[in-house]
Amino acid sequence: MADFNTLDGVNVAGKRVLLRADLNVPMKDGVVGDTTRIDRTVPGLIELADAGAKLVVITHFGRPKGQRVAEMSLKPVADALAKQLGRPVKFADDCIGDAAASVVNSLENGEIALLENLRYHAEEEKNDPAFVAELAKLGDVYVNDAFSCAHRAHASTEGLARALPAYAGRLMQAELEALGNALEAPKHPVMAIVGGAKISTKLDLLGNLVAKVDQLVIGGGMANTFLAAKGVNVGKSLCEHDLLETAREIFKKADAANCEIVLPVDGLVAKEFAANAPHDVSDINDVASDGMILDAGPETIVDLNKRLESCETLVWNGPLGAFEITPFDTATVSVAQHAAKLTKAGKLLSVAGGGDTVAALRHADSDQDFSYVSTAGGAFLEWLEGKTLPGVAALRAK
């Protein structure tokens, strides 16, 4: 990913910079509930505005499916963005046409505008060339700062990058550099932790990772399927019994790639899925027939933390157990905190992402100490799967 265009050395003074952000934030009754995505976007906007750009921010919100849905207007987001920026943000009630052009043409150097929801137009998700052309009229330069949308070949993520001089914004740049350092040109040994409920949702991811990492740690409900594939009785634990042969194929691919698959050696076993349910620590080979493995056990935690100490790079996607309920968050919290400690000491490069992963690391109070935590969701997963992201490919140096 090192060959993408960045803003380094680009003179934006006096130019209309059309910047694709991801401001699809939680909102209720016209009030933004979580400003995380706005907060992460703000430094890049300030840098461009202070460099004299006439900054035009475009983004989507919700799924209006080509209709003007009042509850999905970006006007409240414009107000929240202005508050976080500490400077005014002009707003246009459309992203193309006279309404947009009027606001864009009114911008002085260093001023910022936000245009109305891209998805009010069905042509956005269709990457319609005519819609791309209408958007392109509003800018001299295109900047994509929305990695989280880069797996979609939409007008604002892929089409515009073909129509205007195109660059990665600072958020996009940071994400691509972190991901490149984690898997494309990592320092070995590399460990990947993949957790979650089902391997059926992560087959492409697992297939890609076994060819790139030295150790693949499998946790959560996924681990039960792999254990069952080895003949272990996992009781009433969540398990995809119809995918045992698939798990065996992944074992074979890992062996061929010299990748060690690491599974739990013990677990916290309960008879019901509930917070503080009565439970025992059980050797993984001695799980009761009516038991459910809800978390990795203490021996597994010690093993994983010891393995981390000899690693240079960690990629993490998915929790090690049912981290939403105590005490079945123990393994996720312990390993996350140990990885954060090693990262803070400069001994480990740690990159994590995916919705449950971000929530789990925040729960462990470890997210701030990882090298990079991606909030990109689907784009992060597709990158882990080794897929080409259209919005990134369009930024490659030509």
Side-chain angles (χ1 to χ4, degrees), residues 1-7 10 17-24 37 40-41 44 56-66 95-96 115 117-139 141-180 182-184 201-205 207-209 212 317 351 353-355 372 374-398:
M1 289 185 181
D3 59 347
F4 58 90
N5 294 314
T6 73
L7 288 166
V10 178
V17 175
L18 203 53
L19 183 141
R20 176 55 156 106
D22 181 4
L23 303 181
N24 188 25
R37 285 182 171 173
R40 296 185 82 169
T41 302
V56 183
V57 181
I58 55 176
T59 186
H60 73 281
F61 183 81
R63 298 180 181 274
K65 299 181 180 179
C95 60
I96 57 172
L115 307 188
N117 196 341
L118 289 160
R119 290 187 183 172
Y120 277 2
H121 299 267
E123 296 86 353
E124 154 68 1
E125 293 185 80
K126 295 175 182 177
N127 200 4
D128 180 79
F131 185 66
V132 172
E134 286 298 306
L135 289 172
K137 289 178 183 178
L138 303 172
V141 171
Y142 169 74
V143 174
N144 191 341
D145 219 11
F147 177 82
S148 52
C149 305
H151 58 314
R152 305 298 188 208
H154 292 172
S156 66
T157 58
E158 201 271 348
L160 273 175
R162 308 290 185 188
L164 293 172
Y167 305 91
R170 295 307 188 195
L171 260 184
M172 174 78 85
Q173 180 181 350
E175 187 110 24
L176 294 178
E177 289 175 348
L179 300 185
L183 271 194
E184 293 191 358
T201 61
K202 298 189 177 182
L203 289 175
D204 290 343
L205 182 155
N208 186 48
L209 287 180
K212 294 196 171 187
N317 173 253
V351 174
Y372 194 86
S374 172
T375 57
F380 180 81
L381 282 176
E382 290 200 16
W383 169 80
L384 278 184
E385 291 166 359
K387 295 178 179 176
T388 297
L389 307 185
V392 174
L395 298 175
R396 295 201 181 279
K398 300 175 179 65

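Quick caveat, the model's predicted, so the values are computed rather than measured. Because only heavy atoms are used, hydrogens play no part in the values below, and waters and symmetry mates are left out as well, while side chains stay in.
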Nearest 0.5 Å, please: how far is [atom2] in [Y] from [atom1] in [X]?
X	Y	atom1	atom2	value
Leu19	Arg170	CG	CZ	11.5 Å
Lys202	Leu209	NZ	CG	10.0 Å
Gln173	Leu395	CD	CG	11.0 Å
Glu123	Ser156	CD	OG	12.5 Å
Leu7	Tyr167	CG	OH	8.0 Å
Met172	Asp22	CE	CG	10.5 Å

Considering only heavy atoms from C-beta outward, does the side chain of [X] approach that of [Y] to under 4.5 Å?
X	Y	answer
Pro64	Asn117	yes
Leu179	Phe380	yes
Arg119	Lys65	no
Leu118	Phe61	no

**Asked** Taking atom types as modelled and ignoring hydrogens, do the side chains of His60 and Arg20 form a donor-acceptor contact shorter than 3.5 angstrom?
**Response**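 Their side chains do contain a donor-acceptor pair, which is all the 3.5 Å distance test asks for.
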
**Item:** Test side chain to side chain contact (heavy atoms under 4.5 Å, CB included) applied to His151 - qualifying residues, sequence neighbours left out
**Value:**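 Scan of His151 (side chain to side chain contact (heavy atoms under 4.5 Å, CB included), adjacent residues dropped) gives Ala379, Glu382, Leu389.
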
**Atom of Phe147, atom of Leu176 and distance for their closest heavy-atom approach** =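 In this case the closest contact between Phe147 and Leu176 is CE1-CD2, 3.8 Å.
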
**Request:** Determine the minimum heavy-atom distance between Ala146 and Ala21, stating which atoms define it.
**Result:**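 For Ala146 and Ala21, the tightest heavy-atom pair comes out as CB-C, 3.7 Å.
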
**Asked** With His121, which residues qualify under ring-ring contact (aromatic ring centres under 6.0 Å, His included), at least two apart?
**Response**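 In terms of ring-ring contact (aromatic ring centres under 6.0 Å, His included), with neighbours along the sequence ignored, His121 is linked to Phe131.
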
**Prompt:** Under the side chain to side chain donor-acceptor pair (under 3.5 Å) criterion, do Asn208 and Lys387 qualify, and how do the steps go?
**Reply:** CA-CA 9 Å; Asn208 186 48; Lys387 295 178 179 176; over 6 Å; no

**Member of Asn144, Ile58, Val143 meeting the side-chain contact (heavy atoms from CB on, under 4.5 Å) criterion with Leu160** =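 Looking at Asn144, Ile58, Val143, the match for Leu160 under the side-chain contact (heavy atoms from CB on, under 4.5 Å) is Ile58.
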
**Asked** What residues, two or more places apart in sequence or in another chain, satisfy side-chain hydrogen bond (donor to acceptor under 3.5 Å, both in side chains) together with Lys137?
**Response**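 side-chain hydrogen bond (donor to acceptor under 3.5 Å, both in side chains) check on Lys137 returns Glu134.
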
**Test applied, side-chain hydrogen bond (donor to acceptor under 3.5 Å, both in side chains); reference residue, Asn127; option that passes from Glu158, Arg152, Arg162** =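 Among the candidates, only Glu158 passes.
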
